[in-house]
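This report refers to the structure that appears directly beneath it.
Throughout, protein chains are lettered first and strands after them, A, B, ... in sequence-line order, and every chain is numbered starting at 1. None of the values given here were measured: they were computed from a predicted structure.
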Amino acid sequence: MSDDFELDDEPRSVGATPWLNGLNPEQLQAVEATEGPVLVLSGAGTGKTRVLTTRLAHILLTAKAKPWNILAVTFTNKAAREMRERVSGLVGGAAEQIWLGTFHALGARLLRRHAQLAGLESNFTILDSDDQLRLLKQVMEAENIDAKRWTPQSVMGVIQRWKDRGLNPDQVGSGEAGELAGGRTVALYRAYQERLIALNACDFGDLLLHCLTFMQKPAHQDLLAELQSQFRYIMVDEYQDTNVAQYLWLRLLAQKHRNICCVGDDDQSVYSWRGAEVENILRFERDFQGARIIRLEANYRSTPTILAAASGLIANNAGRLGKTLRPGRADAEAGAKITVRGLWDGEDEARFVVEEIEALQRAGGALAEMAILVRAGFQTREFEERLVSTGVPYKVVGGLRFYERQEIRDALAYFRVVMQPADDLAFERIFNLPKRGLGEQTLQTTHMLARRTGVPLLQAARNLSLTDELGPKARSTMGKLVADFDRWRSLVPHMDHAELAGTILDESGYTEMWQKEKSPDAQGRLENLKELVAALEEFDSLADFLEHVSLVMENDDKQKLDRVVIMTLHGAKGLEFDNVFLPGWEEGVFPHARAIAENGAKGLEEERRLAYVGLTRARRRLFVSYAANRRVYNQWQTSLPSRFTAELPDHTVDRLAERGLFGGVSEQANAWSQDWQSVARVAKHRESPATVAPSGSFAVGVRVFHQKFGYGRVTAVEGNKLDVAFDKAGDKKVIDSFVTEA
DNA sequence: GATAATCCGGTTTTT
DNA sequence: CCGGATTATC
């Protein structure tokens, strides 16, 4: 609705600015400093989202600009959505017209408008990481690069870092290539880019890089000037996470009006491994001379104790811009001390955490206000097991996302070929899926013809189905496949797109493939496919939908259930909870050994920032824990408490280690060896690993191994007969003595 | 051209 | 230990 944006017809009188009510002086400053470059250094929990949204609303409500003159950039779709909602609440329908979104979504929007400047058509495909790798692999094969010695992943990593820095193949410095791929990485990069253009496709990095490239070309300065004029006000969230390409993109667009406001926190920069450069903050001051710097330091989230702990920890980092969190309210109660607990092993740690969760729950705490934040994904298992066995509801956030599932990607590949006949990667994916007797040989032939005649695979397949180059069987199968795609494509204008999607999946035999499959997860996959088709209803067309899924990979659980949340520290950035558990604070795990091995002191500092992020997620209570022993790849390994535990100021913590543990409170340190408890526990572990395979004692839920059927999980026990859901072989009845506990 | 054997590696992740 | 991805085999 554009009906209610008529603000500059009736200028507001001074004082009639209710949207500014309740801001503290620093926040108010940041909101009102609309003109000129502004850098807002905003500590955790200091209300930066509020500042950003209010600032946006303020510009609109004081009629400084029309919504389409504002560019507001976030990192995640979630943040973009939230911001739009909150701005809507303040200004109404006008919020719809703001250029607000993620870097990638905005880049895609810009690029679709000017695709021809990058050699693309405006309906280009956006590849996901899977497609990217497959494409690069093909390129590497074509260039005779040994994929054993240099994995496509590592080459892709280098290419992406180049893209993050805004470098086209021609701009990569000669000394940069290194030994990777026999020093031919730049050549691979160039070939990869050429293939992308030929496929009318982009990877994520290209969404920005292509814009950057055409905006920098002398030939397109008129367009750049137009864009610069349009964006009178620019706002950037999570500025510490921007990479160089994003920085350059912003700088170009901000050049004319120079009304750019970046909000960030150098202490929360945890994505350098993905190309983010905190240095962009420093660079900002240099490039935008006279930039105003506003610090938001009043924290309204956490107790003073938590703030003191977090500040104490982060003070160990050198080279910070300097920012001290202080309690937002002077009268705030200190709050409970942080529990720092040492446990014997991972199992004990999980037990400890879940016991505390139950205690908090008994005291009236909501489970949804408790979070277990881990360093790495694999750490969730122990907690899940414990939570399952105690019956505490939980959810793991992260992991495989909906649109990354195999069956969803397959289905999308079908849709892509229908909508985009030149999408070779999609075509290849479903070429012989379900199995239709077309193999490697046929694919090769098709590829060769495609390359020789310069047409997409689908077209080559069509040509092959008209000649005798293939055997009769392959030829007719191919002909049928091509005809199917033609038919589906002809239905696009005449049929409801969700219905068509269902038709495609049915007629292609894809649905049937899973119906016939009797592995335990086939049912779930069919349900996912149904969900996919249902999700389509919410879009206007298949094309719209494909754009959405390529840019919005997240799954949002709409249902807010009262559950403990388990996620990685990275995933928790931007969130907050009353009670936060930070397990696994052991040297090697956190800080992660590899972070230090690969990036030395810098790596360590980033790990420390991650710890800082973790600590500052908590409003009220924090529980840090570490285990002396852990099973890693089935081997027991002993570790020391993380140095970060020692960096928490003493007055903020209650340290409590099981007596006799390494790293217990110092006065106990010499008592560890003869401590009875540890002796008992050592004994426990001596006997536990599979010395006895107790027959007849398998419980439901136990993971087992069978010589013939492989791994599975017990679903029922009946005397010495077990029902087991095998991962590969499906449901079987077996005699218990034929399986061992996995 | 499809299935079984074997080898490898094993942080963080949004778009 | 375990999943995947490439090789070996029918």
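For the pair A:G614 and A:V580, the tightest heavy-atom approach, listed with the atom from each and the gap, is O-CG1, 4.0 Å.
The pair A:R386-A:E347 fails the salt-bridge criterion, with no side-chain N (NZ, NE, NH1 or NH2) lying under 4.0 Å from an Asp/Glu carboxylate O. A salt bridge links A:E385 to A:R381: at least one charged side-chain nitrogen sits closer than 4.0 Å to a carboxylate oxygen. Ion pairing between a basic and an acidic side chain is recognised when a charged N comes within 4.0 Å of a carboxylate O; A:D130 and A:R409 show such pairing.
Put simply, A:W273 rests on the base of B:dT12: the two rings are less than 5.5 Å apart at their centres and nearly parallel, under 30°. Both geometric conditions, a ring-centre gap below 5.5 Å and a plane tilt below 30°, are not fulfilled together for A:H104 over the base of B:dT15. Judged by ring centres under 5.5 Å apart and planes tilted less than 30 degrees, A:F378 fails to stack against the six-membered base ring of B:dG10.
Rounded to a whole angstrom, the distance from the C1' atom of B:dT13 to that of C:dC2 is 22 Å.
Candidate nucleotides B:dA2, B:dT13, B:dT11 were compared by shortest atom distance to the side chain of A:N432, and B:dA2 ranks first. The side chain of A:R594 has B:dG10 as its nearest neighbour among B:dT12, B:dT14, B:dG10. With B:dT11, B:dT13, B:dT15 as the candidates, the nucleotide lying closest to the side chain of A:L551 is B:dT15. Taking every side-chain heavy atom of A:R274 into account, B:dT13 is the closest of B:dT11, B:dT15, B:dT13. Of the candidate nucleotides B:dT14, B:dT13, B:dT11, B:dT11 has the atom lying nearest to any side-chain atom of A:E598. Nearest to the side-chain atoms of A:T442 among the listed nucleotides B:dG1, B:dG10, B:dT14 stands B:dG1.
At a threshold of 4.0 angstrom between heavy atoms, the contacts of A:A595 include nucleobase atoms, whether or not backbone atoms are also involved. Here A:Y633 lies in heavy-atom contact (under 4.0 Å) with a base. Among the protein residues, A:Q246 comes within range of no part of the nucleic acid, since none of its heavy atoms lies under 4.0 Å from any strand.
A ring-centre distance under 6.0 Å is found for A:Y271 and A:W273.
Legend: salt bridge (Lys or Arg N to Asp or Glu O under 4.0 Å) pairs involving residues 371-380 of chain A, not counting sequence neighbours, sorted by first then second residue: A:R375-A:E607.
Side-chain N/O atoms of A:T568 include one lying less than 4.0 angstrom from OP1 or OP2 on B:dT13. For A:K435 and B:dT3, the shortest distance from a side-chain N or O to OP1 or OP2 is below 4.0 Å. Note on A:K137: every side-chain N or O is 4.0 Å or more away from OP1 and OP2 of C:dA5.
Taking the nucleotide of DNA chain B with the nearest heavy atom to each of A:L438 and A:H592, the more 5' of the two is matched to A:L438.
Taken from CD1 in A:I314 to OH in A:Y612, the straight-line distance is 6.5 Å, to the nearest 0.5 Å.
Donor-acceptor pairing under 3.5 Å, judged by distance alone, is present between the side chain of A:R375 and the base of B:dT12.
A:S122 pairs by the side chain to side chain donor-acceptor pair (under 3.5 Å) definition with nothing, not counting sequence neighbours.
Rounded to a whole Å, the CD atom of A:Q153 is 9 Å from the P atom of C:dA5.
Secondary-structure stems of DNA chain C, taken as three or more successive Watson-Crick or G-U wobble pairs (i with j, i+1 with j-1) under a 3.5 Å distance threshold, comprise B:1-10 with C:1-10.
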